[in-house]
Q: 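Pasting a structure below so you can have a look.
These numbers come from the heavy atoms of this one structure, side chains and all, not from hydrogens, waters or symmetry mates.
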There are 2 protein chains.
Amino acid sequence: MKDNIKVARTLNQIQIAVIDLINTKGLSKITVRDITSAAKINRGTFYLHFKDKFDLIDQYEANILEKLTETFKKYTPLLPRSESEIEQLSLEALTYLNSERRLLRALLSENGDPVFTNKIKHMLQYVLRETLIKQKELMVKKSAIPAKYAQEMALDSIVGLVIFWILEDEPDSVKEVAQIITRTRFMAPVDLLGLAINSKR
Amino acid sequence: MKDNIKVARTLNQIQIAVIDLINTKGLSKITVRDITSAAKINRGTFYLHFKDKFDLIDQYEANILEKLTETFKKYTPLLPRSESEIEQLSLEALTYLNSERRLLRALLSENGDPVFTNKIKHMLQYVLRETLIKQKELMVKKSAIPAKYAQEMALDSIVGLVIFWILEDEPDSVKEVAQIITRTRFMAPVDLLGLAINSKR
DNA sequence: AGCAAAATCAACACAGTGTTGATTTGAAAA
DNA sequence: TTTTCAAATCAACACTGTGTTGATTTTGCT
């Protein structure tokens, strides 16, 4: 049996310290010493749980990505076939993200781990690819631009939107954002921006 | 007078070494020692030109961003009012980026500097904000979603597209991509992907 | 109360950093 | 060609952070 209570307390102190340190001095400048002294634990103890600073961040991120993947799996085989299905899935994913807002804000901020965004993108890409294979019949129309670009942009815009929401100081509600995500799937950038651009050449 | 030739040769050797090292071992794991030994210069010489590894990368990136900003300034006051103006600006910007493809590929790859993407976004945001102020009359329609989200997504999708293109092994021509960018401004994600999604709830 | 896991502590070699002062090299002006 | 001076080389320095060690103490659990 592990002394789970002891471990849990230590890991807790570490996470609180790390979030605080990311926000104050930035992840890249944090040392293991910083973490352990802020968490008021022995430096050796840190190495009992983590290989190094990057391993620590990896564990946090992997945990979040895993939970998020499960949410998506619940909706497989997607893609969703209707607006309301898109909205429902968005709602569930956003609700989970919101529950981890403190950690996510730190990791996704300028002071955080700039690689995390890429990991999120790759996870989503993997999930989408899995389901797209089973859903080829959905692809009925030919797009005006190569699929690779379309996929990349769809992914970037949605990931960008969610991260933007996470980083807001007074974020809109989960429900509002789920609706916004749904709407944006059906609107062009020019229309989203409300611009009047002459589409004649 | 500076021994410009000497300096230029040194800086050249360093850049070649850095690009190579980023591609092989990744920017985060590169030491100043690695750079100087690969460039076959004395370690002290490095510090004659750069404060540290990050200063070096900053200089490369700042240089690229500056050139890119100039290109955009040539088109001020934009925003462009027609498709052809969008395409022309895209063409010019892409042509410059293409001329720096080797360095950009390294910096923007998984092994590169994950912060660079953010810097590009911020630069574009600044340029757009500058011009949007002067072009308020362009904003005629009310968008269905808050402007902040629309702007973020438009930015993310276009930056994502360009970076995707930079990282391709056999990239499409500058002209093709300029056309693609232009088209995407007027199309919704669902249409870009060619999906048949039921928009009824 | 007694066991075992977890945390503490001091000490270690090591790698990379950034800086120094003295010396050599070499491109270009006189 | 010779002179000159900025640039590059070189060896040595103190310093910081790392990751690991073995011995010891603490503390939750049964």
Q: Are any of Y47(A)'s side-chain N or O atoms less than 4.0 Å away from OP1 or OP2 of dT20(D)?
A: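 So the side chain of Y47(A) is outside the cut-off, no N or O lying under 4.0 Å from OP1 or OP2 of dT20(D).
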Q: Heavy-atom nearest nucleotide on DNA chain D for R9(B) versus R43(B): which residue maps closer to 5'?
A: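 First, find each residue's nearest nucleotide; the 5'-ward one identifies R9(B).
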Q: Scan nucleotides 20-25 of chain C nucleotide by nucleotide, 5' to 3', and note B when protein non-hydrogen atoms come under 4.0 Å of the base, S if they reach only the sugar-phosphate, - if neither.
A: -----B
Q: From CG of N4(A) over to P of dA5(C), roughly how many Å is that when rounded to an integer?
A: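 For the pair N4(A) CG and dA5(C) P, the rounded distance is 12 Å.
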Q: Check this for me, if you would: do E100(A) and K67(A) make a salt bridge, where the nitrogen-to-carboxylate-oxygen distance has to be below 4.0 angstrom?
A: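 The answer is no: the pair does not qualify as a salt bridge.
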Q: Any side-chain heavy-atom pair from M123(B) and E66(B) closer than 4.5 angstrom?
A: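 They are not in side-chain contact.
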Q: Pairing donors with acceptors under 3.5 angstrom, does anything connect the side chains of D34(B) and T31(B)?
A: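 Their side chains do contain a donor-acceptor pair, which is all the 3.5 Å distance test asks for.
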Q: Nearest whole angstrom, please: distance from the P of dA11(D) to the CG of N42(B).
A: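 Rounded to whole Å, this separation is 9 Å.
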Q: side-chain hydrogen bond (donor to acceptor under 3.5 Å, both in side chains) with N63(B): which residues, sequence neighbours excluded?
A: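 For N63(B) there are no side-chain hydrogen bond (donor to acceptor under 3.5 Å, both in side chains) partners, ignoring immediate neighbours.
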Q: Under the side chain to side chain donor-acceptor pair (under 3.5 Å) test against D58(A), which residue among K53(A), K119(A), K51(A) passes?
A: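 Testing each of K53(A), K119(A), K51(A) against D58(A), the sole residue satisfying side chain to side chain donor-acceptor pair (under 3.5 Å) is K119(A).
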Q: Measure the distance from CZ on F46(A) to P on dT8(C) and round it to the nearest whole Å.
A: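 Distance check: F46(A) CZ to dT8(C) P gives 14 Å.
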Q: Would you say the side chain of L27(B) lies within less than 4.5 Å of the side chain of N111(B), judging by non-hydrogen atoms?
A: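 With C-beta onward as the side chain, the pair stays apart.
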Q: Any ion pair linking R183(B) and D191(B) (charged N to carboxylate O, less than 4.0 Å)?
A: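 Between R183(B) and D191(B) there is no salt bridge, as every charged N stays at least 4.0 Å from the carboxylate O atoms.
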Q: Heavy atoms within less than 4.0 Å of DNA chain C: which residues of residues 22-41 of chain B have one? Give them sorted by number.
A: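 Here the set is T31(B), V32(B), R33(B).
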Q: Which pairs of donor and acceptor atoms, one on a side chain in residues 156-172 of chain A, lie under 3.5 Å apart (sequence neighbours left out)?
A:
{"from": "D156(A)", "atom 1": "OD1", "to": "K121(A)", "atom 2": "NZ", "distance (Å)": "2.8"}
{"from": "S157(A)", "atom 1": "OG", "to": "M153(A)", "atom 2": "O", "distance (Å)": "3.1"}
{"from": "S157(A)", "atom 1": "OG", "to": "A154(A)", "atom 2": "O", "distance (Å)": "3.0"}
{"from": "W165(A)", "atom 1": "NE1", "to": "D172(A)", "atom 2": "O", "distance (Å)": "2.9"}
{"from": "E168(A)", "atom 1": "OE1", "to": "Y149(B)", "atom 2": "OH", "distance (Å)": "3.2"}
{"from": "E168(A)", "atom 1": "OE2", "to": "K148(B)", "atom 2": "NZ", "distance (Å)": "2.7"}
{"from": "D169(A)", "atom 1": "OD1", "to": "R105(A)", "atom 2": "NH2", "distance (Å)": "3.0"}
{"from": "D172(A)", "atom 1": "OD2", "to": "Y149(B)", "atom 2": "OH", "distance (Å)": "2.7"}

Q: I5(B) has a side chain; which of dA28(C), dT8(C), dG18(C) sits nearest to it?
A: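 Nearest to the side-chain atoms of I5(B), counting from C-beta on, is dA28(C).
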Q: Would you give the length of the straight line joining atom CG of L56(B) to atom CZ of F54(B), rounded to the nearest 0.5 angstrom?
A: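 It comes to 10.5 Å.
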Q: Name every donor-acceptor pair, under 3.5 Å, that has one atom in a side chain of residues 7-17 of chain A and the other anywhere in the protein, sequence neighbours excluded.
A:
{"from": "T10(A)", "atom 1": "OG1", "to": "K6(A)", "atom 2": "O", "distance (Å)": "3.1"}
{"from": "Q13(A)", "atom 1": "NE2", "to": "A39(A)", "atom 2": "O", "distance (Å)": "2.7"}

Q: Can you identify which nucleotide, out of dG19(D), dA7(D), dT19(C), has its nearest atom closest to the V7(B) side chain?
A: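 Closest nucleotide to the V7(B) side chain: dA7(D).
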Q: Is there a side-chain contact between T10(A) and the phosphate of dA7(C), meaning an N or O under 4.0 Å from OP1 or OP2?
A: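 Yes, such a contact exists.
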Q: Go through residues 48-60 of chain A and report each residue with a non-hydrogen atom lying under 4.0 Å from DNA chain C, sorted by number.
A: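 Within residues 48-60 of chain A, the residues near DNA chain C are L48(A), H49(A).
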Q: Look at the side chain of N23(A) and the backbone N and O of I19(A), then say whether any donor-acceptor pair between them is shorter than 3.5 Å.
A: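 A pair under 3.5 Å: yes.
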